[in-house]
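Just so you know, ligand 1 is whichever comes first in the structure, and atom 1 is the first atom listed for that ligand. Everything numeric in this text was worked out from a predicted model, so none of it was measured.
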Amino acid sequence: MSFALESLPLRCPLDQHSLESLFDQQALTCPQCHRVVPIQNGIPRFVEDAHLESFGTQWTRYDVAHEQEDRRTFEAKTGFRRDELKGKRVLDAGCGGGRYTRLVAAAGGYVSAVDHTRAVDKAVELCRDESANNSEQIQFLQADLKNLPFAPASFDYVFSIGVMHHDEETRAVFNAVARLVKPGGYYSVWLYRRNQEWQEKINNWLRCRTTTMPQERLEKWSRRGAILGRIPLLNRVANKVVNFSSHPNHENRVCDTFDWYAPQYQHHHTIAELLDWYESAGFHNLEVLPPEKTGYLYNWAYDKDLIIGSGVNVRGQRPVD
Ligand SMILES: C[S@@+](CC[C@H](N)C(=O)[O-])C[C@H]1O[C@@H](n2cnc3c(N)ncnc32)[C@H](O)[C@@H]1O
């Protein structure tokens with residue numbers, strides 16, 4: 001199967017020259033700097049997994065996509081309705097295993113799905129039906145969001161769910177991706193919320209240990225955490241102290257727990273910080289998106305920054321000049 005390599009022209013991230021095909025589509029090259037970008041499994045590979053390696057493991061190992069749930073989460077965390085995506089250029093910035101890429105393509109959007117890791121291979125697999133229906137609709141890349149091979153102002157809708165805080169510097173990723181939004185286009189970002197100081201201290205102490213653990217050992221711990229996540233009450237109280245997932249599906253709980261404790265970087269942010277980044281990048285019509293979960297107790301704890309793993313979530317629009 002061939003994927004839509006040409007659907008959005010690719011440029012050299014270093015000097016912006018148009019990339020040319022090499023060796024009968026086995027690679028891309030820049031006519032200016034002669035950099036060669038290999039294509040494997042139909043996907044241009046601008047980078048390797050690097051410090052995000054645990055995500056390559058996680059997304060290829062666990063099956064956690066659930067269509068109905070993913071639709072609700074997508075709409076809540078982007079503020080986009082699926083019926084407005086038809087025919088639009090959409091960027092899934094940090095697609096992981098492709099659960100949201102798939103539903104944007106199914107809604108008729110032209111989506112570029114980018115991840116730093118081999119998680120893109122899982123995304124290709126998950127999106128196979130959508131790609132087979134229309135091979136021009138999805139373009140997969142293994143690339144760094146800070147150096148994407150696209151012209152500025154290429155996308156009508158850009159979203160990034162749970163991604164940018166895993167870079168050494170979240171704001172550098174935010175700014176690099178912001179430049180890709182067209183005038184009049186929308187940009188939605190979900191980042192981890194900064195919790196109370198005592199929670200941050202416990203989490204930092206734990207993650208100092210878990211991020212240096214061999215992945216197999218951490219997976220065993222994540223499986224134990226997944227059992228705790230099904231014990232009523234415990235999962236409501238204890239997870240205000242230590243993060244573990246209470247998702248109803250066992251595999252999702254293991255994946256979520258591994259996802260929390262494995263990555264090298266995990267920065268937490270405030271809503272004021274994120275709003276300031278949007279304003280400085282020239283966006284307007286800013287909307288703070290509410291959490292997907294509701295209920296009096298949840299909202300109370302959320303407003304007090306007590307929910308570990310909850311987010312700060314904003315959508316903004318680039319003004320038409
Ligand atoms: C927690 S996962 C979220 C994946 C997807 N958005 C979802 O919610 O299912 C974070 C993903 O972001 C990717 N990522 C983090 N920093 C990145 C960067 N600078 N460039 C590209 N991908 C990045 C990781 O490789 C990982 O797959």
Side-chain angles (χ1 to χ4, degrees), residues 13 43-67 69-78 80 90-104 111-127 140-150 157-180 188-192 207 211 215 222 243 245 247 249 251-252 254-269 292 309-311 313:
I43 305 171
R45 314 281 173 160
F46 289 84
V47 293
E48 294 181 347
D49 288 15
H51 64 282
L52 296 158
E53 207 270 328
S54 64
F55 288 111
T57 307
Q58 163 185 330
W59 293 119
T60 46
R61 184 173 292 173
Y62 306 115
D63 287 316
V64 293
H66 306 287
E67 211 165 330
E69 176 188 323
D70 296 343
R71 278 186 195 171
R72 285 193 299 273
T73 303
F74 173 80
E75 293 192 352
K77 290 187 173 173
T78 62
F80 303 158
V90 184
L91 174 64
D92 182 350
C95 63
R99 51 187 166 180
Y100 305 122
T101 307
R102 172 171 73 160
L103 68 89
V104 172
V111 51
S112 298
V114 181
D115 202 277
H116 206 299
T117 71
R118 64 199 147 90
V120 282
D121 293 295
K122 179 61 173 269
V124 168
E125 201 183 292
L126 188 73
C127 297
F140 293 99
L141 299 178
Q142 185 170 350
D144 183 356
L145 296 174
K146 298 193 295 306
N147 292 299
L148 285 183
F150 301 121
Y157 289 84
V158 174
F159 66 93
S160 184
I161 302 178
V163 173
M164 298 174 173
H165 45 232
H166 291 304
D167 195 90
E168 192 170 0
E169 207 197 325
T170 314
R171 189 175 187 175
V173 190
F174 176 90
N175 285 336
V177 176
R179 287 192 275 275
L180 299 174
S188 301
V189 173
W190 189 99
L191 301 172
Y192 282 138
R207 278 186 29 87
T211 52
Q215 281 184 10
S222 304
N243 185 298
S245 169
H247 193 282
N249 179 284
E251 185 123 339
N252 283 71
V254 179
C255 178
D256 289 350
T257 306
F258 187 86
D259 176 279
W260 183 265
Y261 289 107
Q264 183 178 350
Y265 300 113
Q266 187 204 74
H267 305 293
H268 297 180
H269 299 279
E292 197 180 342
S310 63
N313 197 184

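- Here the side chain of Arg61 pairs no donor or acceptor atom with the backbone of Cys255 at under 3.5 angstrom.
- Residue Asp115 has at least one N or O atom closer than 3.5 Å to an N or O atom of ligand 1.
- Using cut-offs of 30° and 60° on the angle between ring planes, the pair His247 and His66 is parallel.
- A ring-centre distance under 6.0 Å is found for Trp260 and His268.
- At least one N or O atom of Ile161 sits closer than 3.5 Å to an N or O atom of ligand 1.
- When only non-hydrogen protein atoms are considered, atom 4 (C) of ligand 1 lies nearest to Gly94 O, 3.4 Å.
- Polar contact with ligand 1: absent for Asp259 (N/O pair, distance under 3.5 Å).
- Protein heavy atom closest to atom 8 (O) of ligand 1, with residue, atom name and distance, is Tyr100 CE1, 3.3 Å.
- To the nearest 0.5 Å, atom CH2 of residue Trp59 and atom CZ of residue Phe258 are 11.5 Å apart.
- With hydrogens left out, the protein atom closest to atom 16 (N) of ligand 1 is Leu52 CD1, 3.5 Å, a heavy atom.
- Between the side chain of Asp92 and the backbone N or O of Ser112, no donor-acceptor pair lies under 3.5 Å.
- Note on ligand 1: Asp167 sits in its first shell, one or more heavy atoms being nearer than 4.0 Å.
- Interface atoms of ligand 1 facing Ala143, defined by a heavy-atom separation under 4.0 Å, are 20 (N), 21 (C).
- Closest of all the heavy-atom pairs between Asp49 and Gly56 is OD2-CA, 3.9 Å.
- Remark: ligand 1 and Lys146 share no N or O pair separated by less than 3.5 Å (distance only, no angle test).
- Using bins of under 30°, 30° to 60° and over 60° for the plane-to-plane angle, the ring pair Trp190/Tyr192 lands in the perpendicular bin.
- Here Val114 has no heavy atoms under 4.0 Å from ligand 1, in either its backbone or its side chain.
- In terms of N/O distances under 3.5 Å, ligand 1 is approached by Asp144.
- Looking at Cys95 against ligand 1, only its backbone comes within 4.0 Å, counting heavy atoms.
- Nearest to atom 9 (O) of ligand 1 among the protein's heavy atoms is Arg99 NE, 2.7 Å.
- Among all protein heavy atoms, the one lying closest to atom 20 (N) of ligand 1 is Leu145 N, 3.0 Å.
- Taking atom 22 (N) of ligand 1 as the reference point, the nearest protein heavy-atom neighbour is His116 N, 3.1 Å.
- Using a 4.0 Å cut-off between charged nitrogen and carboxylate oxygen, Glu48 and Arg118 do not count as a salt-bridge pair.
- In terms of protein heavy-atom proximity, atom 14 (N) of ligand 1 is nearest to Val163 CG1, 3.6 Å.
- Of all the heavy atoms in Phe174 and Met164, the pair that sits closest is CA-SD, 3.7 Å.
- Ion pair Arg71/Glu75 not flagged as a salt bridge, since none of the NZ, NE, NH1 or NH2 atoms sits closer than 4.0 Å to an Asp/Glu carboxylate oxygen.
- Crowding of Glu168 atom CD: a count of heavy atoms from other residues, nucleotides or ligands under 6.0 Å not exceeding 12.
- Contact record, Ile43 with Phe140: CG2-O, 3.6 Å, taken as the closest heavy-atom pair.
- For ligand 1, the polar-atom distance check finds no N/O of Gly162 at less than 3.5 Å from any of the ligand's N/O atoms.
- The proximity of Met164 to ligand 1, defined as any non-hydrogen pair under 4.0 Å, does not occur for either the backbone or the side chain.
- Distances shorter than 4.0 angstrom do not occur between any heavy atom of Ser160 and any atom of ligand 1.
- Atom OG1 of Thr57 is separated from atom CD of Gln215 by 3.5 Å, given to the nearest 0.5 angstrom.
- Close approach to Thr117 involves these atoms of ligand 1, each under 4.0 Å from a residue heavy atom: 25 (O).
- Distances between N or O atoms of Trp59 and those of ligand 1 include at least one value under 3.5 Å.
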